[in-house]
Amino acid sequence: MKRKFLNILALSSVLTTIGFLMDGDAKDPSMAMRFIEFIAMNGILFTLMASVYFASSFVYQNIQKA
């Protein structure tokens, strides 16, 4: 279970980094705000990806039992 969380966290970190690099908006001069935005976006992506993954895995296991 811990390995699955780490894999999802790594994937969300990579996607967040790509998103920040491809972002064309003007950057705030505050470095703290950049870190807060990065961590918040990483948390949002992690939560969404983990909920989709574990929900689909739960449904798949219940279908297999039936």
Side-chain angles (χ1 to χ4, degrees):
M1 183 71 93
K2 184 178 178 182
R3 183 76 174 163
K4 292 177 185 176
F5 277 116
L6 288 176
N7 286 340
I8 294 171
L9 181 63
L11 182 62
S12 68
S13 296
V14 167
L15 290 175
T16 303
T17 303
I18 291 170
F20 266 84
L21 292 175
M22 292 180 66
D23 188 19
D25 293 341
K27 301 294 182 201
D28 292 331
S30 172
M31 195 60 126
M33 188 52 121
R34 287 186 192 177
F35 282 119
I36 291 170
E37 287 177 355
F38 182 83
I39 291 170
M41 191 62 179
N42 199 9
I44 291 169
L45 279 176
F46 175 77
T47 303
L48 289 174
M49 291 169 60
S51 61
V52 168
Y53 174 77
F54 288 116
S56 64
S57 139
F58 176 74
V59 168
Y60 181 72
Q61 287 176 357
N62 284 342
I63 290 173
Q64 291 294 323
K65 289 180 183 177

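These numbers come from a predicted model, not from an experiment.
By the side-chain contact (heavy atoms from CB on, under 4.5 Å) test, T17 is found to be paired with L21, F38, residues two or more places apart in sequence or in another chain being considered. Partners of Y53 according to the ring pair (Phe, Tyr, Trp, His ring centres under 6.0 Å) rule, which considers only residues two or more places apart in sequence or in another chain, do not exist here. Judged as a side-chain contact (heavy atoms from CB on, under 4.5 Å), and not counting sequence neighbours, the contacts of L48 are I44. Remark: S30 engages A32, M33 in a side-chain contact (heavy atoms from CB on, under 4.5 Å) (not counting sequence neighbours).
The side-chain heavy atoms of L15 and M49, taken from C-beta on, include a pair separated by under 4.5 Å.
Residue I36 is not grouped with residue I39 when hydrophobic side chains (ILVMFWY) are merged at heavy-atom distances under 4.5 angstrom, including chains of intermediate members. The same ILVMFWY cluster, assembled from side-chain heavy atoms under 4.5 Å apart, contains both F54 and L45.
Within the structure, side-chain hydrogen bond (donor to acceptor under 3.5 Å, both in side chains) contacts touching residues 33-44 (residues at least two apart or in different chains) are S12-N42, S13-N42. Legend: salt bridge (Lys or Arg N to Asp or Glu O under 4.0 Å) pairs involving residues 5-23, not counting sequence neighbours, sorted by first then second residue: D23-K27.
Cluster partners of M22, using a side-chain heavy-atom cutoff of under 4.5 Å among ILVMFWY residues and allowing indirect links, are V14, I18. When hydrophobic side chains of Ile, Leu, Val, Met, Phe, Trp and Tyr are connected at separations under 4.5 Å, M31 ends up clustered with F35.
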In residues 58-66, what donor-acceptor pairs under 3.5 Å come from side-chain atoms, sequence neighbours left out?
residue	atom	partner	partner atom	Å
Y60	OH	Q64	NE2	3.3

